[in-house]
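Worksheet for the structure shown next.
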Amino acid sequence: PLGQSAQQTLSISIFPPLSVTTSSLSGGSQGVAYNETVSATGGDGSYTWVVSAGALPAGLSLAAGTGVISGTPATPGTSNFTVQVTSGDGQGSTADLAITVSAGSPVITTTSLSAGLVGTSYNETIQVTGGDGSYAWSVTVGTLPPGLSLGPTDGVVSGTPTAAGSFDFTVQVTSAGQSDTQDLSIAVTAPAVSFARSYLPGGYIGVGYTGTPAPATGGAGSLTYSVTSGALPAGLSINASNGQITGTPTTAGMSFFEMTASDGSSSASVVFGLTISTAAPGGFNVFGVNVASSIPSAGVQTAINASLARIEAAVTGDAAGFNMPSSGLDGFCNGNGALFHGQIVDDIEILINIGPIDGAGSILGQGGVCLGFSAPAPTVVAQLTLDSADLAGLSASLKLALVLHEMLHGMGFSDGFFVPLSLSTGSGGATPEFVGAGGVAEFQTTLGGSGNPPLEETGGSGTAYSHWDE
């Protein structure tokens with residue numbers, strides 16, 4: 001109806017314009033925590049922040065609800081970006097900002113370095129953080145171990161140490177005009193002295209002798225050589241700086257001695273056997289070469305020397321020296337063939353070893369051809385092994401019989417030697433006989449036998465047709 005009215009209460013919120021009030025931000029330092037707040041006014045007071053263009057420095061982030069830019073800058077440089085704020089009433093505002101991150105002070109983080117070994121390549125990098133990525137390194141106090149150097153731009157300690165010891169020094173790194181230092185140390189040790197068996201040639205009475213073992217390795221600094229057990233042949237002496245043996249031998253026989261190489265703190269030893277022949281160089285010479293780890297007893301040495309002398313006295317004439325190849329002998333002679341690489345053998349070398357074979361009471365020794373045998377020529381290299389479990393219980397005469405017996409086998413005195421030289425008949429049959437004139441005469445005269453001495457027809461290789469049948 002006319003004259004009526006109605007009313008409604010309304011409200012209008014009026015908010016001031018929204019505006020980003022931050023016009024600049026403070027700079028940061030690489031590697032140093034950063035915290036700055038972007039502010040705004042206006043709007044309804046409820047703000048949401050984003051980076052709408054560009055990017056913050058690496059390592060920093062913008063908190064959407066607070067406008068706080070925080071983190072740890074990772075890279076120096078200037079980053080330009082745009083922040084946008086939106087208020088709850090729908091207003092928005094932007095501002096172009098920039099943060100400049102300066103290179104932080106370099107900090108050496110390496111506090112220790114690994115140890116080194118004399119003669120072994122070394123490579124360690126000293127680590128650093130901060131700076132502008134371009135570094136200059138130097139040693140400001142002390143010295144690096146001899147043989148090592150510090151990379152001037154990369155902080156790498158490298159080279160091959162040449163001396164043992166503990167070496168203290170201070171390194172300095174400089175970057176973006178700022179520096180840091182760190183005290184460091186490198187301990188360098190020397191490898192243990194190693195002295196391997198090598199070949200010492202035999203000699204002759206009254207003839208000048210020179211024999212030099214393969215040099216020892218390892219140790220710190222120079223090595224000194226000496227005879228620490230046993231004795232050199234009469235007339236010979238050792239050079240302490242290289243182990244070379246020189247002189248003019250005055251007595252025949254095989255001398256066993258231990259040679260030691262030492263740097264004063266560590267050492268290594270090898271037992272050698274050096275034979276001085278009873279025969280002149282133009283005669284038939286037999287040389288013993290020790291491959292045992294220890295010096296034989298006096299009784300065994302006596303048997304060895306008596307056997308060598310008997311063989312040289314019994315063989316007339318001479319055989320040509322044999323030039324051994326410079327390689328390829330490693331697998332021969334129970335691994336000892338390499339001793340003869342590049343050597344000249346005149347006339348027979350016998351490798352002598354004392355060690356376990358089968359325990360006490362059975363096999364006393366073994367001897368056989370090793371290298372260079374070609375019937376009917378004599379063996380070039382033989383090998384002889386005496387069972388260590390049996391030697392102590394043998395009398396002097398049995399030691400001599402054992403050693404001489406096995407040496408002759410090593411020289412090839414067996415079926416493979418008898419047949420080509422027509423010293424036996426019936427090999428392979430039931431009634432083999434030895435027919436060599438000297439052996440037959442000895443059999444008949446000394447032993448009172450008749451006819452030819454019979455040979456053993458049973459047993460394995462090296463026994464059958466190679467021994468007189470007892």
task = Let me see the working for Leu400 and Ser307 under side chain to side chain contact (heavy atoms under 4.5 Å, CB included), right down to the final yes or no.
result = CA-CA 7 Å; Leu400 173 58; Ser307 298; 3.5 Å; yes
inquiry  = Nearest 0.5 angstrom please: Ser105 OG to Gln178 CD, how far?
reply    = 3.0 Å
Side-chain atoms of residues 361-371: list all donor-acceptor pairs with protein atoms under 3.5 Å, sequence neighbours left out, distances to 0.1 Å.
unit_1	atom_1	unit_2	atom_2	d
Ser362	OG	Asp358	OD2	3.0

task = Would you confirm whether the ring centroid of Tyr225 sits within less than 6.0 angstrom of the ring centroid of Phe195?
result = yes
ask   = If only atom types and distance count, is the side chain of Lys399 paired as donor or acceptor with the main-chain N or O of Leu394 below 3.5 Å?
value = yes
ask   = So, the side chain of Ser175 versus the backbone of Tyr135: is there a donor-acceptor pair under 3.5 Å, distance only?
value = no
task = Walk me through it: do Glu124 and Ser114 pass the test side-chain hydrogen bond (donor to acceptor under 3.5 Å, both in side chains)?
result = CA-CA 8 Å; Glu124 285 283 321; Ser114 62; 3.0 Å; yes
Heavy-atom pair of closest approach, residues Asp180 and Ile108 = OD2-N, 2.7 Å
key: Side chain to side chain, Leu384 and Leu386, heavy atoms closer than 4.5 Å   = yes
query = Are side-chain N/O atoms of Ser395 and Ser397 paired as donor and acceptor at under 3.5 Å?
reply = yes
remark   = Applying ring pair (Phe, Tyr, Trp, His ring centres under 6.0 Å) to Tyr34 and not counting sequence neighbours gives none
message = Quiz question: by atom type and distance under 3.5 Å, do the side chains of Asp168 and Ser185 form a donor-acceptor pair?
response = yes
note = Taking every heavy atom of Ile352 against every heavy atom of Gly288, the minimum-distance pair comes out as CD1-CA, 4.2 Å
message = For Phe443, give me all partners under ring pair (Phe, Tyr, Trp, His ring centres under 6.0 Å), at least two apart in sequence or on another chain.
response = Trp468
Side-chain touch Val157/Asn123, heavy atoms, less than 4.5 angstrom = no
Non-neighbouring partners of Phe256 that pass ring pair (Phe, Tyr, Trp, His ring centres under 6.0 Å), sequence neighbours left out = none
Verdict with reasoning, Glu312 to Ser277, per side-chain hydrogen bond (donor to acceptor under 3.5 Å, both in side chains) = CA-CA 8 Å; Glu312 287 190 336; Ser277 177; 2.6 Å; yes
task = For atom CZ of Arg197, decide whether the heavy atoms of other residues, nucleotides or ligands shown that lie under 6.0 angstrom number more than 12.
result = yes
message = Taking disulfide (SG to SG under 2.5 Å) as the cut-off, I'd like each qualifying pair that reaches into residues 105-192, sequence neighbours left out, listed once.
response = none
task = Drop me the distance from Asp263's CG to Thr224's OG1, to the nearest 0.5 angstrom.
result = 8.5 Å
ask   = Run the side chain to side chain contact (heavy atoms under 4.5 Å, CB included) check on Leu351 and Val381 step by step: do they pass?
value = CA-CA 7 Å; Leu351 293 165; Val381 178; 4.1 Å; yes
request  = Inspect the surroundings of CD1 in Ile344 and state if more than 12 heavy atoms from other residues, nucleotides or ligands are less than 6.0 Å away.
outcome  = no
query = Going by distance alone, is a donor N or O of one side chain under 3.5 Å from an acceptor N or O of the other, for Thr458 and Glu456?
reply = yes
ask   = Where the side chain of Gln244 meets the backbone of Thr212, is there a donor-acceptor pair that is under 3.5 Å apart?
value = no
query = Any sub-3.5 Å donor-acceptor pair from His341's side-chain atoms to Pro325's backbone N or O?
reply = no
ask   = Considering only heavy atoms from C-beta outward, does the side chain of Thr385 approach that of Ile354 to under 4.5 Å?
value = no
From Leu60 atom CG to Thr72 atom OG1, the distance as rounded to the nearest 0.5 Å = 8.0 Å
request  = Go through the side-chain N and O atoms of Gln127 and Thr109 and say whether any donor and acceptor fall under 3.5 Å apart.
outcome  = no
request  = Classify the ring geometry between Phe287 and Tyr204 as parallel (under 30°), tilted (30 to 60°) or perpendicular (over 60°).
outcome  = perpendicular
message = Whether the Gln172 and Thr181 side chains hold a donor-acceptor pair (N or O, under 3.5 Å, no angle test) is what I'd like checked.
response = no
message = If I take atom CZ from residue Phe169 and atom OG1 from residue Thr143, how far apart are they, to the nearest 0.5 angstrom?
response = 9.0 Å
key: Atom pair CG (Leu184) and OG1 (Thr111), whose distance is rounded to the nearest 0.5 Å   = 8.0 Å
ask   = How long is the gap from CG on Leu339 to OH on Tyr199, to the nearest 0.5 Å?
value = 9.5 Å
ask   = Tell me, do Asn334 and Gln383 make a side-chain contact under 4.5 Å, heavy atoms counted?
value = yes
task = Check the pair Phe284, Asp346 against side chain to side chain contact (heavy atoms under 4.5 Å, CB included), reporting the backbone distance first and the verdict last.
result = CA-CA 8 Å; Phe284 186 80; Asp346 175 36; over 6 Å; no
task = Check Thr278 against Ala252 and note the closest heavy-atom contact, atom names and distance.
result = CG2-CB, 3.5 Å
task = Kindly say whether Asn285 contributes a backbone atom to a donor-acceptor pair with the side chain of Asp347 at under 3.5 angstrom?
result = yes
Donor-acceptor contacts under 3.5 Å from residues 416-438 side chains, at least two apart:
unit_1	atom_1	unit_2	atom_2	d
Ser427	OG	Asp415	OD1	2.6
Ser427	OG	Asp415	OD2	3.2
Glu433	OE1	Asn452	ND2	3.2

message = Can you tell me which residue among Val101, Asp132, Thr129 is in a side chain to side chain contact (heavy atoms under 4.5 Å, CB included) with Gln30?
response = Val101
message = Can you confirm whether Leu150 sits close enough to Leu144 that some side-chain heavy atom of one is under 4.5 Å from a side-chain heavy atom of the other?
response = yes
key: Least distance between heavy atoms, Gly211 atom then Leu200 atom   = C-CD2, 3.8 Å
task = Give the C-alpha distance, both sets of side-chain angles, the deciding distance and a yes or no for side chain to side chain contact (heavy atoms under 4.5 Å, CB included) between Ser237 and Thr246.
result = CA-CA 6 Å; Ser237 61; Thr246 57; 4.3 Å; yes
Test item: Ser450 and Gln444 side chains (from C-beta on) under 4.5 Å apart, heavy atoms = no
request  = Measure the shortest side-chain to side-chain distance between Ile205 and Ile276 over non-hydrogen atoms and say whether it is less than 4.5 angstrom.
outcome  = yes
ask   = Do the side chain of Asn290 and the main chain of Asn353 share a donor and acceptor less than 3.5 angstrom apart?
value = no
query = What heavy-atom pair brings Val440 and Pro453 nearest, and what distance separates the two atoms?
reply = CG2-CD, 3.9 Å
task = Verify the distance criterion only: is there a donor paired with an acceptor across the side chains of Ser267 and Ser262 at less than 3.5 Å?
result = no
message = Which residue in the set Asp154, Val156, Val173 passes side chain to side chain contact (heavy atoms under 4.5 Å, CB included) when paired with Trp137?
response = Val173
key: Min side-chain heavy-atom separation Ser179-Pro106 under 4.5 Å   = no
